[in-house]
Amino acid sequence: MATQGPWLRVAAVSPPKSTELGSLTSQLSGVRISHGYSGVINRITLSSVPSLQPIVARRICPFTGKKANRANQVSFSNHKTKKLQFVNLQYKKVWWEAGKRFVKLRLSTKALKTIEKNGLDAVAKKAGIDLRKK
């Protein structure tokens with residue numbers, strides 16, 4: 001991340017190994033502030049902190065590729081507002097004959113019917129899913 005303004009520039013780089021002349025290093029937060037000859041702060045260096053983002057399961061079926069449909073919700077007065085029609089995703093343990101074990105999957109009900117008709121190996125191979133990893 002680097003933003004630059006007339007007086008301040010922020011850059012995400014690793015903290016320095018040694019203290020330079022004209023710079024101040026904070027031991028607690030890893031922030032280094034240095035100034036140039038004009039006395040204006042021109043650089044603040046932050047230590048690299050991994051961003052914490054929540055893990056969110058996508059509402060998409062890995063076997064069929066079905067995903068949410070954008071539709072209109074129509075009121076009695078024919079006023080239309082946008083809404084999402086989500087896929088009917090279910091967590092299901094399916095017996096995998098080749099692996100001789102159950103595999104826990106999150107799949108749509110349409111994919112479940114397809115697996116019952118064609119078999120788990122054929123549907124997974126067509127979708128490009130490796131069942132050995134799960």
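Keep in mind that the numbers below use all heavy atoms, side chains included, and drop hydrogens, waters and symmetry copies. Residue numbers start at 1 and run along the sequence shown.
Residues satisfying the salt bridge (Lys or Arg N to Asp or Glu O under 4.0 Å) criterion with K80, sequence neighbours excluded, are absent altogether. Applying the side-chain contact (heavy atoms from CB on, under 4.5 Å) test to Y91 and every residue at least two apart in sequence or in another chain returns K104, R106. Taking the side-chain hydrogen bond (donor to acceptor under 3.5 Å, both in side chains) definition, one finds that S75 meets it with S77, sequence neighbours left out. The side-chain hydrogen bond (donor to acceptor under 3.5 Å, both in side chains) search around N69 returns Q85, not counting sequence neighbours.
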Check: residues 109-126 side-chain donor-acceptor pairs under 3.5 Å, at least two apart:
{"from": "T114", "atom 1": "OG1", "to": "K110", "atom 2": "O", "distance (Å)": "2.9"}
{"from": "D121", "atom 1": "OD1", "to": "W96", "atom 2": "NE1", "distance (Å)": "2.7"}

Side-chain donor-acceptor pairs of residues 56-67 under 3.5 Å, sequence neighbours excluded:
{"from": "T64", "atom 1": "OG1", "to": "K66", "atom 2": "N", "distance (Å)": "3.4"}

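Side-chain contacts under 4.5 Å among hydrophobic residues (ILVMFWY), followed directly or transitively, place F86 together with L84. Clustering of Ile, Leu, Val, Met, Phe, Trp and Tyr side chains at separations under 4.5 Å leaves V74 isolated, with no partner residue.
Between W95 atom CH2 and R101 atom CZ the span is 9.5 Å, to the nearest 0.5 Å.
Between K82 and N72, the closest side-chain pair of non-hydrogen atoms falls below 4.5 Å.
Linking ILVMFWY residues whenever their side-chain heavy atoms come closer than 4.5 Å, directly or via other members, leaves F102 and L131 in distinct clusters.
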